[in-house]
There are 2 protein chains.
Amino acid sequence: MIDFLKQNITKHISLSDKELTDFCSLFQSKIIKKKSFLLREGEICKFEGIVIKGLFRVYHIDNNGFEQVLYFAMENWWITDMDSFTNEKPSHLYIEALEDSEVLLISKQDKEFAYTNISKIEKLFRVMTQKTHIALQRRMIDNLSKTADQRYAEFIEKYPQLYQRLTNLQIAAYLGISHEFLSKIRKKIYTKK
Amino acid sequence: MIDFLKQNITKHISLSDKELTDFCSLFQSKIIKKKSFLLREGEICKFEGIVIKGLFRVYHIDNNGFEQVLYFAMENWWITDMDSFTNEKPSHLYIEALEDSEVLLISKQDKEFAYTNISKIEKLFRVMTQKTHIALQRRMIDNLSKTADQRYAEFIEKYPQLYQRLTNLQIAAYLGISHEFLSKIRKKIYTKK
DNA sequence: TTCATTTATTGAACTTGTTCAATGTTTTTG
DNA sequence: CAAAAACATTGAACAAGTTCAATAAATGAA
């Protein structure tokens with residue numbers, strides 16, 4: 001389980017065995033049942049974590065009661081509300097387990113400890129944040145320039161494993177369209193080809 | 001000019017005088033005339049920089065020839081194509097000066113030097129990248145949940161200084177709508193109130 | 001200052017996506 | 001296993017946003 005975390009970290013940067021072990025010892029395991037929440041709107045996000053098993057959706061509910069999915073996180077993905085966590089202010093997001101899940105979490109305090117006492121940890125999160133930012137920039141441009149049809153096709157192509165584990169409702173909330181319209185897109189795809 | 005950079009940095013983290021001076025000495029000034037480019041699609045982005053004077057638009061041209069603005073950058077904003085710069089691969093973006101401008105730039109090599117030799121620089125960019133990521137997450141949710149009317153109103157409210165220096169064409173490309181539709185939104189606002 | 005170019009406005013026809021309501025299908029849960 | 005709940009599909013009417021074309025206004029360069 002900790003090995004899982006170690007493997008993930010060494011994908012981003014290289015650390016000595018001691019650094020790696022010291023850092024990983026700061027994480028604690030948590031089991032989350034399907035349909036329960038790691039975070040709800042209004043709470044201050046006190047953790048950052050990595051998914052060991054299962055699947056989460058990170059979403060926002062707007063004034064009209066509609067849900068927008070900011071991202072999904074399955075095995076090997078990191079989860080937090082970066083805004084709430086870093087600025088210690090109430091979150092606008094919900095983080096919900098879509099399957100029975102397990103995560104490894106680190107508290108704000110322990111992360112600060114790691115920043116000051118394990119020299120490479122700044123680099124680790126600098127690099128990881130850059131990667132997620134680059135991915136979000138791409139998604140932003142796609143959302144500005146592409147039709148829902150294209151975005152759906154590309155979502156399936158890019159995340160085939162995710163696609164199988166999600167309902168159309170959830171995918172629609174990620175693409176920013178109604179689930180009825182997604183249903184019509186699917187019909188077009190499967191009858192035309 | 002370097003003081004400008006120093007001030008900007010100390011807004012994010014605190015550094016010793018020596019660290020600050022060492023780091024800032026790695027930057028070089030560059031003057032960019034209105035309508036000329038800091039970066040074009042296909043080039044590898046070899047710099048990261050801060051705007052001292054003037055205004056830039058960072059945009060992408062899609063397959064249909066339409067421009068999407070990823071962001072604008074005026075005085076005190078940082079500019080780069082993070083994807084191209086960090087991964088050293090051809091950019092999909094254009095960075096164009098919208099006014100006669102001046103920037104301070106650091107090369108990839110010098111930035112790497114700073115990461116390894118000036119201990120606080122990792123933190124600086126970790127913190128800065130977090131902030132831009134948080135801002136982009138907010139924009140992503142706004143784009144998914146709000147109408148063009150709302151997004152335009154909020155853009156004006158949030159960036160009044162920017163609004164005055166941009167054409168409606170450029171604002172439309174940022175909001176992800178046609179400039180004709182933006183014109184109709186503006187009419188509605190100014191006749192109704 | 002003038003001519004050319006870019007920017008902004010407007011209307012009409014069109015496309016994309018929403019909303020609502022009805023119906024069928026699948027999944028959960030007692 | 002049965003009933004309830006959640007999910008998916010479909011159609012019709014509607015709203016949001018685009019496209020194209022024409023015209024006016026503002027800006028820039030000689």
Side-chain angles (χ1 to χ4, degrees), chain A residues 33-36 54-55 57 59 61-69 72 94 96-101 142-156 162-192, chain B residues 33-36 54-55 57 59 61-69 72 96-100 142-156 162-192:
Chain A
K33 278 248 174 80
K34 181 172 176 171
K35 290 193 184 177
S36 54
L55 175 59
R57 66 201 260 254
Y59 66 98
I61 301 185
D62 71 21
N63 297 332
N64 304 316
F66 291 98
E67 298 175 1
Q68 286 88 38
V69 171
F72 298 106
Y94 294 83
E96 183 198 7
L98 296 176
E99 303 174 358
D100 288 344
S101 302
D142 284 352
N143 267 277
L144 289 174
S145 65
K146 294 178 179 167
T147 64
D149 303 48
Q150 288 175 294
R151 270 145 53 212
Y152 179 63
E154 286 169 19
F155 180 82
I156 292 176
L162 213 45
Y163 158 72
Q164 292 167 23
R165 293 160 76 176
L166 294 170
T167 66
N168 291 336
L169 255 123
Q170 286 148 3
I171 296 174
Y174 178 88
L175 298 176
I177 58 176
S178 68
H179 70 280
E180 294 96 333
F181 190 56
L182 178 54
S183 193
K184 283 158 198 174
I185 289 172
R186 287 163 52 79
K187 191 185 181 185
K188 232 192 312 180
I189 293 174
Y190 295 123
T191 55
K192 276 201 177 167
Chain B
K33 278 248 175 81
K34 181 173 177 171
K35 290 193 182 175
S36 54
L55 175 60
R57 65 200 260 253
Y59 66 98
I61 301 184
D62 71 21
N63 297 332
N64 303 316
F66 290 98
E67 298 175 1
Q68 285 89 39
V69 172
F72 298 106
E96 183 198 8
L98 296 177
E99 303 173 358
D100 290 343
D142 284 352
N143 267 278
L144 290 174
S145 64
K146 294 179 177 166
T147 64
D149 303 48
Q150 288 175 294
R151 270 145 51 212
Y152 179 63
E154 287 169 17
F155 179 82
I156 292 176
L162 213 45
Y163 158 72
Q164 292 168 22
R165 293 159 77 177
L166 294 170
T167 65
N168 291 336
L169 255 122
Q170 286 149 4
I171 295 173
Y174 178 88
L175 298 176
I177 58 176
S178 68
H179 71 280
E180 294 97 331
F181 189 57
L182 177 54
S183 192
K184 284 158 198 173
I185 289 172
R186 286 162 53 78
K187 191 185 180 186
K188 233 192 311 180
I189 293 173
Y190 295 122
T191 55
K192 276 199 177 169

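Keep in mind that the numbers below use all heavy atoms, side chains included, and drop hydrogens, waters and symmetry copies.
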* Whole Å only: how far is the CG atom of A:L182 from the C1' atom of C:dT18? -> 14 Å
* Asked: Nearest to the side chain of A:N168, which nucleotide is it out of C:dG17, D:dG17, D:dA8?
  -> D:dA8
* Structure fact -> Here the pair of heavy atoms bringing A:G54 nearest to A:S101 is CA-OG, 3.3 Å
* To do: Could you walk me through whether B:R151 and B:Y174 pass the side chain to side chain donor-acceptor pair (under 3.5 Å) test, one step at a time?
  => CA-CA 10 Å; B:R151 270 145 51 212; B:Y174 178 88; over 6 Å; no
* Would you call A:E99 and A:K34 a salt bridge, taking side-chain N to carboxylate O under 4.0 Å as the test? -> no
* List the steps, then state whether side chain to side chain donor-acceptor pair (under 3.5 Å) holds for A:Y152 with A:R186. => CA-CA 9 Å; A:Y152 179 63; A:R186 287 163 52 79; 3.0 Å; yes
* **Side chain proximity check, A:L166 to A:F155, heavy atoms < 4.5 angstrom** => yes
* **Per-nucleotide protein contact string for nucleotides 25-30 of chain D, where B marks a base within reach and S marks sugar-phosphate only (heavy atoms under 4.0 Å, - for neither)** => ---S--
* Asked: Is the closest side-chain heavy-atom distance between B:Q68 and B:Y59 below 4.5 Å?
  -> no
* **Donor-acceptor contact present, side-chain A:N64 to main-chain A:F66, <3.5 Å** => no
* In whole Å, what is the span from the OH atom of A:Y152 to the C1' atom of C:dG17? -> 17 Å
* Structure fact -> To the nearest angstrom, the NZ-C1' distance between A:K188 and D:dT10 comes to 15 Å
* To do: Grab the NE2-C1' distance between A:H179 and D:dA6 for me, whole Å please.
  => 10 Å
* Asked: To the nearest Å, how far apart are A:L175 CG and C:dG17 C1'?
  -> 13 Å
* Asked: Which whole-number value in Å describes the distance from B:I185 CD1 to C:dA8 C1'?
  -> 14 Å
* Within-4.5 Å side-chain heavy-atom neighbours: B:I156 and B:I171 -> no
* Under 4.0 Å between a side-chain N or O of A:R186 and OP1 or OP2 of D:dT9? -> yes
* **Over all atoms of both residues, closest heavy-atom pair of B:F72 and B:Q170** => CZ-O, 3.5 Å
* Are OP1 or OP2 of C:dT16 and a side-chain N or O of A:K146 less than 4.0 angstrom apart? -> no
* To do: Report the distance from atom CG of B:L169 to atom P of C:dT6, rounded to the nearest whole Å.
  => 11 Å
* Minimum-distance pair of heavy atoms, taken over all atoms of B:N168 and B:L182 -> O-CD2, 3.2 Å
* In whole Å, what is the span from the CZ atom of A:R165 to the C1' atom of D:dC7? -> 19 Å
* List the atom of A:G176, the atom of B:L144, and the distance in Å for their closest heavy-atom pair. => CA-CD2, 3.6 Å
* What bend angle does the helix from C:dT1-D:dA30 to C:dG30-D:dC1 show across its length, from five-pair end axes and to the nearest 10 degrees? -> 60°
Contacts under 3.5 Å, N or O only, protein and nucleotides 19-24 of chain C:
residue: C:dT19; atom: O4; partner: A:K184; partner atom: NZ; Å: 3.4

* Would you classify A:T167 as touching base, sugar-phosphate or nothing, given that sugar-phosphate means primed atoms plus P, OP1 and OP2, and contacts are heavy atoms under 4.0 Å? => sugar-phosphate
* **Within-4.5 Å side-chain heavy-atom neighbours: B:R165 and B:L98** => no
